[in-house]
Every structure is written in structure tokens, then in C-alpha cells.
Amino acid sequence: MPKKTGAAVLSAVIPGLGQIYNRQWLKGLTFLLTGMAWFYFMIHGLTGHLRGLITLGELPSRMVKVGKMTRMVEGDHSIFMMINGLMALLALLLYCGFYLLNIRDAFMVGAARARQEPIRSFGQSLKYMGRRHFAYLVLAIPLTAIVFLTILPLVFSVLLAFTNYADPILPPANLVDWVGFGNFKKMLSLDVWSSTFVGILTWTLCWAVIATVTTYIGGVLVAVLIHQPRVRFKKLWRTLLIVPFAIPNMISLLVMRNMFNNQFGPVNKYLGMIGLNGLPWLTDPFWAKVTVILANMWIGIPVTMILAFGVLTTIPRDLYEAAEVDGAGSAHKFRMITLPMVLFATAPILIMQFAGNINSFNVIYLMTNGEPVNPHYQYAGDTDLLVTWLYKLALNQSQYSFASVIGIIIFLLVATFSIWSYRRTRSYKEEDMIT
Amino acid sequence: MNRKPEEAAKTIGSYALLILLSFISLFPAIWIVMSSFKTGNSLFSDTLIPHKLTLVHYQELFEQTKYLQWFLNTLKVAALSTLIGTSLLLLASYAISRYRFAGRKSMLTAFLVLQMFPGFMAMIAIYVLLNTLGLLNSHWALVLVYSSGSIITNVFVAKGFFDTIPKSLEDAARIDGASHMKVFLSIMMPLSKPMLTYASLMIFNGCFVDFIFADLILRTEEKRTLAVGLFRMVNQSNSTEFTLFAAGAVLVALPVTLLFIFLQRFLIEGLTAGAMKG
């Protein structure tokens, strides 16, 4: 048997054995110990945890007679079992990676030996790794952080969508079970849920369209206004108009919510002073929607303005001069030169902003908190977006599984638009506006 | 020459519009600053500039609430998160931008996909985890979540920045025998200052204003951050503390706003860089 196959087979049987066969003693020993340690954990616990992930607990809390007394005995805690099971799964994946690398390493070194090349010592191997695989070493820490603090929680929340973990089934008193697509079916077929879902989904999409379009058009117009040759002190205007973007939006939104207060807010008081009746800014379903859109314009326009400003400075002047020679007015110049150029450069952002607006939590939560409450909705109000509904379901109502279903739906929405926009930018990149 | 008056009218119109827009954009800020100097605690005054100015709300803020404590908490959380988050971001984006390794493409796709989940879906899971493990009310939970979250949100901008640094710089250093670490520390780090400024400002600001997750995690008044404290102050429906809130808001928003305006250039660069790569 050639050396490379032999070493690979030995490593496949017991990790590290192939390395020892290759006369890399220290490396082989390290691999051997790692493999053995893993085998130990596999027997003690790992399989149990993995089984727990599948069953989510078998023994509920129950009353047990001990002598003459009845005592509460704690049963399995489904959520702990799920977390531990996920960790075990992660460990299993890591081990699989290690196992494959171990075989590959044995194979490569075996092949090198067959070619009569010198074998690296342990120290040399480490050095070689640092040189050759520097990227992996550098990435190790950030990736660990992402895996444990972002991916693991996300997987956990996605899994919750397929369980019945919702008030009143809360561990440790009850056991949680897998229900497959049951929650999705309920969301679509059960009347209380589906009417809320359809209503909120419709508003979310309307909101995303209106919010994107208003801030975009507003931002471009403001940028064009400042960019006119006749306007002086451009920097001053830009700085003044950037202020809404610079103020932390958590503060400005709370302030705006007070400004639009129906009874005490200055907006209605000032309207009253000039003899107009105030509007029910935050308590009427329709006006509440108008108010959040206005607030969003105030916050969002500066962002588009900055972007549009960047584009405007790159448009060559001679384009305008040529248009003037042909007798074009300013409206015509705007429509034929400025708008297409700006649109061309910012179209990808437009779609990304749309996707982002589906998730604009702060504006809704801080301005209206989703209110006014809609009596026909399940735990939601008229201005609630899917995201704020998700939040309320999870935090206020302990409807974790339904909240996760909403999360997955939001993900699908955003992903669809993002992929679509990505495709479009790719096709865009192949053509050039100015040749 | 009959175009002259028309031109003049357009100029005047443009300025009028700009003044109006500036007024709208500044109004909430002016209003909150004025409210913070106003006597009493009501939302409304019939003039924008109050008749009597007072500093009493600022004094109350430090005497009656735990504002100073909140401020220190926020600084601690924000400083730690910025430090850890920026270093992690730097490492990740540098490796992804400059090296070609197996799994790079799929890693980028994974980051893209992770960005599409609603931000706090993971937060709620973390809340459930911390809750079941009894680890709520700790600043470290915030720091860890903020710093790891900042990698994913900023990695594309940072990578785009590194992509623009010419490869020849590195190659020259390599020929002189510099190691990977040396190239990273003595060439890439100094060059990435604008990006670092942008990223750390973003992370720092994020920690300063986030109240959703902080509100979930921090249970006691002593542990609260500024955003949570202020949010609680004004969010109660029967809140009568509006002017107090105004004073607190001014103290938080002023430094952040000035910092933003001061660093405008970096922000604009970052925004446009992120957008072009988007």
C-alpha cells in the first residue's frame, strides 16, 4: 500500500495514527489526544444532548409521593435541552471538520514522504501554518464570536418557530414539543392570527414603499436645491440639513412623539394659534400612519441627501453646458441629465433602503409603539410593522414560537428584495452610463 | 435681458426654501434645548424661547436621578464594545479582503444572509438564553452582543475599504521579508485610520443610543444606560417629567451630534463606500 493511502486510512480509523505512521510524533500525539477527548465527551453527554434536541424532554414536572408528603419534582427543561443539543451539534460539526483535516493531513504528508521530501517537525508545522493559513488564524476569534453570539441564537430562534413554545406552554412547568409547520399553518388559517398577519403585512409593505420613496425623492430634491450654482454657502446649508441625521434618532423620535402629542404637543397648539383645529396625530389610525411617515422623512432625507450630493459632484459640467446650448431649461436639464445620473448611481441603495425600511423598528416603536390599538388584531395596533409585532409577541406576550415565525417571514421578504437588487446591480455594472 | 428678474426670483425662492427646510430640520432640536431651560415641567410653552430661563433641570438630573451613574455605565459599555468590536471587525475584514482561502466566498454569503434576519431576532433568543441561565442584568452581556453584532453590520464597508489599498504596498514589504503580522500591523493598520474612525464611531454611537436590548437585559436602576434611563423617564404614559427628560436628552445628544458633524467627512465617505459596494 502506498504511504499516502496507508497514512490516510490509519488516520481515518483513529485520528493521529496516520501522523504517527508518518513519524510526526508530537503532531500525532496531539491529534490522538484530541480524538480521544472527543470520544470521551461523545459517550458522556454529547449523545444525550443530541437526543434531548430531538425529544425536547420526556418527563414533565409532576407531583411525587415521598412517604406521606407530595412533592413537586422538576422534570426536563425543554429550552435548556434545546440549547445544550445545539451546542452538542456544533461540537459534532467541529469534530467532523477536525476529523477530515486529520485525514487530509495524513494523506498529504504521506504523499510528501513518498516523494522523498523532508518531514516537518512540530515547530516547523506550526510556523508553516502561521504562514500559509494566516487568514484562518486571524479569522478564528471574530468567527467564534459570530458563531456563538449571532448564529447560534439565530438558529435557536429559527428552531423555536417549529415548536409550541408559547404561553401557556412555558418550561419548566411544561414540556415543549416539535410541531413542524403547525405554527405557519395556524398563522395562515386561524382567523385571529391570519387577519392580523395580513393586515400588518399589508401595512408593512405600504410603509416600506412610502417611506423609501418619500425620503428618496426628498433627499434628491434637497441635494439638487443646494447644488444649484446660484446658491452660496453650500457647506453651511448641508451642515444645517444634516442635523437630523446626526442627532441620535432615539432622542429625536421621543421628542417628536411629544411634539405631536394631541393635547399638549406644540404642533397642535401652534395650529390652534393660527385658528386651525389640531389633528389627532397619534390616536387616529390614519393620522398615526401619516405621522410616522413624516417623522421618518425627517430622519431619512439627510441620508439620501448626502448620497445624492456625492453623485451630483461627479456629473460633468459640460453635459449641462451642452444642454444649455441646445436651449434646455432647468426643468428639462433636471429631467434629462440630473435625474437619470442620480438614479443610475443610487438605484441599488434604493432597494436596500426598501429592505431596511421593512425592519425600521425605532421609528414605529418610539413614535407610536404600534398604537392606536386595533381591537381586531391579535396583540397589535394599527401602525405596528411585522418587526414591532414580533417584538411584542415575544417580550410582552411570551408567544415565542409565533414571534419566530414572523422573524422567518421577515427574513424571506428582505432576502427576496436583497437578492433581486443584487441581481440588478450585477446587470447594471456591465453597462456604463458615460462612455 | 428679460431673464434677470426671473433669475432673481428663482434665487430668492431657493433661499426661502432652504431657510424653511433648515428651520424644520432644526426645530425639534431647538425645541428640546429650550424646553430644558424652561421652568415647570410641561410640554408646551406659547413662545419658543421661554420667558424665564433656568438651569434647575440640569441640577435635578444629577441630584434626583442616577444620571451620572447611567452616564458612566454607558461610557463603560460603549468604550469596551467599541474597542472589542473594532478590533474584531478589523481582523475579519482584513483577512477577507486580502487573502484568498477556501470558504471565503461562502463566508461572505453567510454574512450577507445573516444581515437579512431582523436584527433583534437573535437578541430575543439571547434574552431567552440569559433569562433561563439567570445571567440578566450584566453589562458584559451587552458588550459581547454589541461587539459581535458590529462585525456583521460593518464588515462589507470595511472590506470595501481594504479592497482599495493597492496590493503593491504589501508585496514590496513582503519582498523585504516582512511577515504577515508585520504587514498587518505596520502597513495596514496605519492606512486604515479613516475606516477605523468611521467604524468605531458607528459602534460607539450604536451603544449610546440602543435601548431595546439594553432595556431587556438591564433590570435594576443602577445598571441602566443613558438610553434606557431616558426612555423610561419619558415613556410612562403619566410622565410629568418632560423638562427633566429634555435636559437629559440635551446632555446625551449634544456631544454625539457635535461629534457627527465634526466627523462628517468620514461619515459621508463611509456611507458612499457602503452604498457603492451594496
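The sequence lines fix the lettering, A, B, ..., with proteins before strands; numbering per chain opens at 1.
- Heavy atoms closer than 4.5 Å to chain A are found in both the backbone and the side chain of B/Ile19.
- For B/Phe208, no part lies near chain A; criterion is any non-hydrogen pair under 4.5 Å.
- Minimum interatomic distance between B/Ser150 and B/Gly85 (heavy atoms only, all atoms of both residues): OG-CA, 3.6 Å.
- Interface residue B/Leu91: backbone and side-chain heavy atoms are both found under 4.5 Å from chain A.
- In terms of heavy-atom pairs under 4.5 angstrom with chain B, the leader among A/Val243, A/Ile151, A/Leu254, A/Ile358 is A/Leu254.
- For B/Ala246, no part lies near chain A; criterion is any non-hydrogen pair under 4.5 Å.
- In this structure, chain A has a heavy atom under 4.5 Å from the side chain of B/Ile32, while its backbone stays farther away.
- When all heavy atoms of B/Ile96 and B/Arg104 are compared, the pair lying nearest together is O-NE, 2.7 Å.
- Across A/Asn362, A/Asn249, A/Leu160, the residue that shares the most heavy-atom pairs under 4.5 angstrom with chain B is A/Asn362.
- Proximity to chain A (any heavy atom under 4.5 Å) is shown, for B/Phe101, by both the backbone and the side chain.
- No side-chain heavy atom of A/Phe411 sits less than 4.5 Å from a side-chain heavy atom of A/Val158.
- Between A/Gln228 and B/Ser14, the closest heavy-atom pair is NE2-OG, 3.0 Å.
- With a threshold of 4.5 angstrom between heavy atoms, A/Tyr400 approaches chain B through side-chain atoms but not through N, CA, C or O.
- Of the listed residues (A/Ile226, A/Leu366, A/Leu390), the one with the most heavy-atom contacts under 4.5 Å to chain B is A/Leu366.
- Under the 30°/60° scheme for interplanar angles, the aromatic rings of B/Phe231 and B/Phe211 are found to be tilted.
- When B/Asn205, B/Thr11, B/Leu89, B/Leu18 are compared by the number of non-hydrogen pairs under 4.5 Å with chain A, B/Leu18 comes out ahead.
- When each of A/Leu137, A/Thr150, A/Leu241, A/Val222 is scored by its heavy-atom pairs under 4.5 Å with chain B, the top score falls to A/Leu241.
- Between B/Phe23 and B/Phe27, the ring planes are tilted. Angles from 30° to 60° get that label.
- Heavy atoms closer than 4.5 Å to chain A are found in both the backbone and the side chain of B/Ile24.
- When all heavy atoms of A/Trp237 and A/Arg232 are compared, the closest pair comes out as NE1-O, 3.1 Å.
- The parts of B/Met181 that come within reach of chain A are both its backbone and its side chain, each placing non-hydrogen atoms under 4.5 angstrom from that chain.
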